[in-house]
Amino acid sequence: MKTDLSWVLNDVLEVRGARHAVLVSGDGLLLQRSDDIGRDDAETNAAAMSSMQSLSRAVAGFVGAGHGIWKQTLLEYDGGWIFLIAAGQGAYLAVSAALDVDMEAMSFRMQKTVVSLSKAMSVAPRTDSGAHA
């Protein structure tokens with residue numbers, strides 16, 4: 001049975017300027033979405049956010065030797081921001097926000113959410129489905 005975590009995502013959206021939130025697996029599957037984003041858009045963005053976290057991890061060493069552990073990705077666009085952080089083993093939380101979002105409040109709320117709920121939001125690595133060819 002799939003746990004409904006939409007309330008967690010909706011809570012993150014209480015920060016002024018927050019728009020949408022998605023919880024994604026490392027391989028790009030949509031795990032959960034906030035109430036205000038359609039499923040098709042959420043799935044498209046989940047796949048993109050999975051790629052973004054992978055890319056962010058790949059270039060983490062660019063900050064300097066021994067300091068390359070990825071923590072958060074922040075993307076700026078003409079119309080707003082995207083925040084992306086790890087949300088437990090194999091899961092990532094992405095939030096879109098308006099340009100005037102309180103960035104500190106958003107980062108704090110996201111960190112607080114994933115720390116307190118990391119077990120509930122973790123995704124176990126995929127294993128053999130038991131089907132044999």
Side-chain angles (χ1 to χ4, degrees):
M1 182 163 108
K2 183 179 176 185
T3 304
D4 180 10
L5 296 172
S6 61
W7 66 272
V8 174
L9 301 185
N10 291 328
D11 182 61
V12 171
L13 297 181
E14 293 295 316
V15 174
R16 182 187 53 79
R19 293 181 175 149
H20 309 292
V22 292
L23 183 65
V24 305
S25 68
D27 57 357
L29 296 177
L30 175 65
L31 301 175
Q32 195 69 57
R33 62 187 167 97
S34 57
D35 291 339
D36 59 344
I37 186 171
R39 182 156 198 79
D40 288 345
D41 285 342
E43 287 179 349
T44 297
N45 284 289
M49 290 303 113
S50 175
S51 296
M52 187 58 62
Q53 68 79 22
S54 181
L55 179 62
S56 295
R57 288 178 191 282
V59 299
F62 188 59
V63 300
H67 302 286
I69 298 173
W70 175 76
K71 301 286 187 182
Q72 177 177 355
T73 299
L74 181 62
L75 303 164
E76 181 181 11
Y77 296 89
D78 286 346
W81 300 91
I82 295 175
F83 296 78
L84 176 64
I85 64 171
Q89 182 180 339
Y92 303 91
L93 176 61
V95 176
S96 68
L99 282 172
D100 64 347
V101 69
D102 181 336
M103 295 174 77
E104 183 178 4
M106 178 56 72
S107 290
F108 178 77
R109 178 72 64 102
M110 290 175 73
Q111 290 293 333
K112 183 178 171 186
T113 299
V114 299
V115 165
S116 63
L117 298 172
S118 64
K119 277 194 169 188
M121 295 192 316
S122 292
V123 177
R126 289 188 186 188
T127 60
D128 183 11
S129 66
H132 301 293

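For clarity, every value in this text was computed on a predicted model and none was experimentally measured. Residue numbers start at 1 and run along the sequence shown.
Distance check, rounded to the nearest 0.5 Å: CG of L93 to CG of L31 gives 10.5 Å. How far CD of Q72 is from CG of L84: 8.0 Å, rounded to the nearest 0.5 Å. A distance of 6.5 Å separates OG of S96 from CZ of R19, quoted to the nearest 0.5 Å. Annotation: the span from M106 atom CE to L13 atom CG amounts to 6.5 Å, rounded to 0.5 Å. The CD1 atom of I82 lies 4.5 Å from the OH atom of Y77; values are rounded to the nearest 0.5 Å. Here the NZ atom belonging to K71 is positioned 13.5 Å from the OG atom belonging to S107, to the nearest 0.5 angstrom.
Without hydrogens or angle criteria, N45 side chain to D41 main chain gives a donor-acceptor distance under 3.5 Å. No donor-acceptor distance shorter than 3.5 angstrom exists from the side chain of E14 to the backbone of D11, with no hydrogens or angles considered. Side-chain N or O atoms of R16 include one that pairs as donor or acceptor with a backbone N or O of D100 at under 3.5 Å. Remark: side-chain polar atoms of T113 are paired, donor with acceptor, to backbone N or O of R109 under 3.5 angstrom. Although no hydrogens or angles enter the test, the distance criterion places a donor-acceptor pair under 3.5 Å between the side chain of N10 and the main chain of D35.
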Using side chain to side chain contact (heavy atoms under 4.5 Å, CB included), reason through L75 and W81 one step at a time and then give a plain yes or no. CA-CA 6 Å; L75 303 164; W81 300 91; over 6 Å; no
Is there a side chain to side chain contact (heavy atoms under 4.5 Å, CB included) between Y92 and L23 once you walk through the steps? CA-CA 6 Å; Y92 303 91; L23 183 65; over 6 Å; no
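The shortest non-hydrogen separation linking S56 to W70 is CB-NE1, 3.3 Å. Listed here is the closest heavy atom pair of L9 and S34: CD1-N, 3.6 Å. Shortest non-hydrogen contact noted between A18 and V95 is CB-CG1, 4.5 Å. Of all non-hydrogen atoms in G28 and S50, the two that sit nearest each other are N-OG, 3.2 Å.
Between F108 and the options Q111, M110, K112, a side-chain contact (heavy atoms from CB on, under 4.5 Å) holds for only K112.
The shortest side-chain heavy-atom distance between F83 and T73 does not fall under the 4.5 Å cut-off. The closest side-chain heavy-atom distance from L30 to R39 is below 4.5 Å.
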